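If you're wondering where the values come from, they're calculated on a predicted model, not measured in any experiment.
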Amino acid sequence: MSKEKKQSFMGGAAILASAVVVVKLIGAVYKLPLNNILGSVGKTYFDTAYLIYNFLNIFATAGLPLAISKLTSQAHAQGRENEKRKIFRTAIWLFFALGLTASLLMFFGAGQLAAFEENPMAAQAIRALAPAVFCVCLLACMRGYTQGQGNMTPTAVSQVLEALCKVGIGLPLAWYILRLSQSAVQAAATEEAGRLMEAESMANVAAGAIFGVTAGTILSVCFLVFYLLTHRNRTRSPDVPSSGGAILRQVLAIGIPITLGNSALGIINLIDTKIVMGRLQSALLLTENEAALLNGQYRMAMDMPNMVASFVYPVTMSLIPFAAAAITQRDTIRADRIVSSSFRLIAVLAIPAGVGLSALSTPIMRLILPSRQEDAIAAGPHLQILGVALIFICLMILTNAILQTYGKEKLPIFTVVAGGITKIVMNYILVGNPDINIHGAPVSTLCCYLVIVGLNLFFVWKYSMKKPRYLQLFLKPAAASAAMGGAAWAVYGFVNRGLAAGHSAYGANAAAVMAGILAGVAVYAVLVIALRILRAEDVRSIPHGETLVRLLRLK
């Protein structure tokens, strides 16, 4: 990069975290109204397509971009400009082939993939997402290349562009298709025909909404191509780059174990959804539409933990190149400091987020689904369990990245498989039980991530030069989060009772939720400062970090 500005680990994480905040705010503008449009049945079609897309996406891009980031970071630290260029030229053709193959498979095999998931009506949504796989593969290569040089800005901008397209294209298209189909449903000759037409219309709405994702990836590819062409580093370098074959072998050697580890979870999620839908239909004798209704309520609750967990990715994306560079330079002290800061940041963010979601689970679902209150009430108990699962999801993401940075790329494969088997077995037993049915799905999800994190934490401790003190890292944030959750729950109840008589049920709940969240944030912020949970090194590298260090008197 010609005007490259090297960013610190925390600075890179701050840039990506800022982008994620913007992306998630835009995503909320997209997903929350969309859930109200789709309902639980349409939500199942939408998420079935997304699970298949994510699996193909992870299989093609999960480990290989990290390998590119790591190799580029090492070459960048050594000043080998020709090596960096050769890495990118070799990798882009690999990603082109992978993306094209996965995209064609998704488009022409949409019917078979939907049938495999026990949800044939999702085929249109799957087909609408197919081109996005090809674009995301190209995006992954370009993002890995820029991140490997410590430049997180292109990734941040491209993520925002993707999110804007989802709102600007996907949401209006879904609303328009719904309006067109409503009159046809109302004019149906029989009630049964009306239900069938409604299910078909929801499948079309899901496909329209999901097309916004495809449009966003196309725009992001155009932006990154333009960025790379206009920021080329033309500086001559004396280094002789490795051959294309040697680079390809290095990329595959690093990337394949990571890909297998991440793909294992994607495979498990696909099988898991198949089991949930299958057991609801075979064991409980529900129709596909009835099973989609229950599964959609669970998937609606799962949106909240997924949204919060996405804030962990900026930390892990910044962790790998900077920690890898430190290890390459044999600076184990700096590498350990980066890992410790990552743990503290995740603890400070993930634990209160999980506790807050659990404490206000049903009120939050009622707030975000104003036109689907029955679905919201049904999804509330799912979110109560999934709030706790969120903590372990975040820790899994972080510990996987740490193990990959330590060169232990194969270990996450085994830990994810262990957790996935736990999830599949528990879902088969619990969801097939008439007294538990769909409520078994969040329980199995929690147990899955609990198993994975327990194994990952052991291996991180085993292979770290400086053994992490988990009790010291997690005890204070957990205590502060418990106090925060209690305060949020108490304030919510007090305000909701006070407003119930003079306001609508939705208005009283909304005001009470906001009051509870504000009270919880205030309590937690005071406790973070009072208990000195953060250290100066955790915030010094973020914008105005020195000012925060002085104000908070961090050490």
Can you list the steps and then say if Thr217 with Val221 is a side chain to side chain contact (heavy atoms under 4.5 Å, CB included)? CA-CA 6 Å; Thr217 59; Val221 167; 5.5 Å; no
Side chain to side chain contact (heavy atoms under 4.5 Å, CB included) assessment of Val205 paired with Ile37: CA-CA 8 Å; Val205 172; Ile37 293 172; 3.9 Å; yes
Shortest non-hydrogen contact from [X] to [Y]?
{"X": "Leu34", "Y": "Ala209", "value": "CD1-CB, 3.5 Å"}
{"X": "Ala206", "Y": "Gly42", "value": "CB-O, 4.1 Å"}
{"X": "Glu117", "Y": "Leu270", "value": "OE2-O, 2.9 Å"}
{"X": "Ala512", "Y": "Val495", "value": "CA-CG1, 3.7 Å"}
{"X": "Pro352", "Y": "Ser481", "value": "N-OG, 3.1 Å"}
{"X": "Thr287", "Y": "Gln281", "value": "O-CG, 4.0 Å"}

Side chains of [X] and [Y]: does their closest heavy-atom pair fall under 4.5 Å?
{"X": "Met106", "Y": "Leu129", "answer": "yes"}
{"X": "Arg279", "Y": "Leu430", "answer": "no"}
{"X": "Pro120", "Y": "Glu288", "answer": "yes"}
{"X": "Ile26", "Y": "Val160", "answer": "yes"}
{"X": "Phe96", "Y": "Cys137", "answer": "no"}
{"X": "Met202", "Y": "Leu178", "answer": "yes"}
{"X": "Thr214", "Y": "Ile210", "answer": "no"}
{"X": "Leu100", "Y": "Leu104", "answer": "yes"}

Test item: [X] side-chain N/O and [Y] main-chain N/O as donor-acceptor pair under 3.5 Å:
{"X": "Arg366", "Y": "Ala510", "value": "no"}
{"X": "Thr44", "Y": "Gly296", "value": "yes"}
{"X": "Thr362", "Y": "Ile377", "value": "no"}
{"X": "Asn295", "Y": "Ile438", "value": "no"}
{"X": "Asn400", "Y": "Pro412", "value": "no"}
{"X": "Tyr53", "Y": "Ala130", "value": "no"}
{"X": "Lys43", "Y": "Gln297", "value": "no"}
{"X": "Thr72", "Y": "Ile68", "value": "yes"}

Can you tell me how the ring of His382 sits relative to the ring of Tyr298, calling it parallel under 30°, perpendicular over 60° and tilted otherwise?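 Perpendicular.
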Check the angle between the aromatic planes of Tyr30 and Phe46 and answer parallel, tilted or perpendicular using the 30° and 60° thresholds.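 Answer is tilted, since the angle falls between 30° and 60°.
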Restricting to salt bridge (Lys or Arg N to Asp or Glu O under 4.0 Å), what partner residues turn up for Asp375, sequence neighbours left out?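 Residues passing salt bridge (Lys or Arg N to Asp or Glu O under 4.0 Å) with Asp375: none at all.
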Residues in side chain to side chain donor-acceptor pair (under 3.5 Å) with [X], at least two apart?
{"X": "Asn496", "value": "none"}
{"X": "Asn119", "value": "Thr48"}
{"X": "Tyr524", "value": "none"}

Would you say that more than 12 heavy atoms from the other residues, nucleotides or ligands in this model lie under 6.0 Å from the [atom1] of [X], or not?
{"X": "Phe108", "atom1": "CZ", "value": "no"}
{"X": "Gln373", "atom1": "CD", "value": "yes"}
{"X": "Tyr492", "atom1": "OH", "value": "yes"}

Return each pair, listed once, that meets side-chain hydrogen bond (donor to acceptor under 3.5 Å, both in side chains) where at least one residue sits in residues 120-140; pairs must be two or more places apart or across chains.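 Non-adjacent pairs meeting side-chain hydrogen bond (donor to acceptor under 3.5 Å, both in side chains): Gln124-Asn204.
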With Ile385 via side chain to side chain contact (heavy atoms under 4.5 Å, CB included) - residues at least two apart: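 Applying side chain to side chain contact (heavy atoms under 4.5 Å, CB included) to Ile385 gives Pro442, Val443, Leu446.
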In Å and rounded to the nearest 0.5 Å, what is the [atom1] to [atom2] distance from [X] to [Y]?
{"X": "Ile391", "Y": "Tyr449", "atom1": "CD1", "atom2": "OH", "value": "14.0 Å"}
{"X": "Cys394", "Y": "Ile346", "atom1": "SG", "atom2": "CD1", "value": "6.0 Å"}
{"X": "Ser220", "Y": "Arg143", "atom1": "OG", "atom2": "CZ", "value": "6.0 Å"}
{"X": "Ser40", "Y": "Asp47", "atom1": "OG", "atom2": "CG", "value": "11.5 Å"}
{"X": "Leu280", "Y": "Leu285", "atom1": "CG", "atom2": "CG", "value": "11.0 Å"}
{"X": "Ser504", "Y": "Asn509", "atom1": "OG", "atom2": "CG", "value": "9.5 Å"}

Side chain to side chain contact (heavy atoms under 4.5 Å, CB included) evaluation trace for Val213 with Tyr50: CA-CA 10 Å; Val213 178; Tyr50 236 101; 3.4 Å; yes
Output, in order, the C-alpha distance, side-chain angles, deciding distance and verdict of side chain to side chain contact (heavy atoms under 4.5 Å, CB included) for Val308 and Ile393. CA-CA 10 Å; Val308 177; Ile393 293 172; over 6 Å; no
Begin from the C-alpha positions of Phe223 and Phe226 and carry the test ring pair (Phe, Tyr, Trp, His ring centres under 6.0 Å) through to its verdict. CA-CA 5 Å; Phe223 163 75; Phe226 174 79; 7.6 Å; no
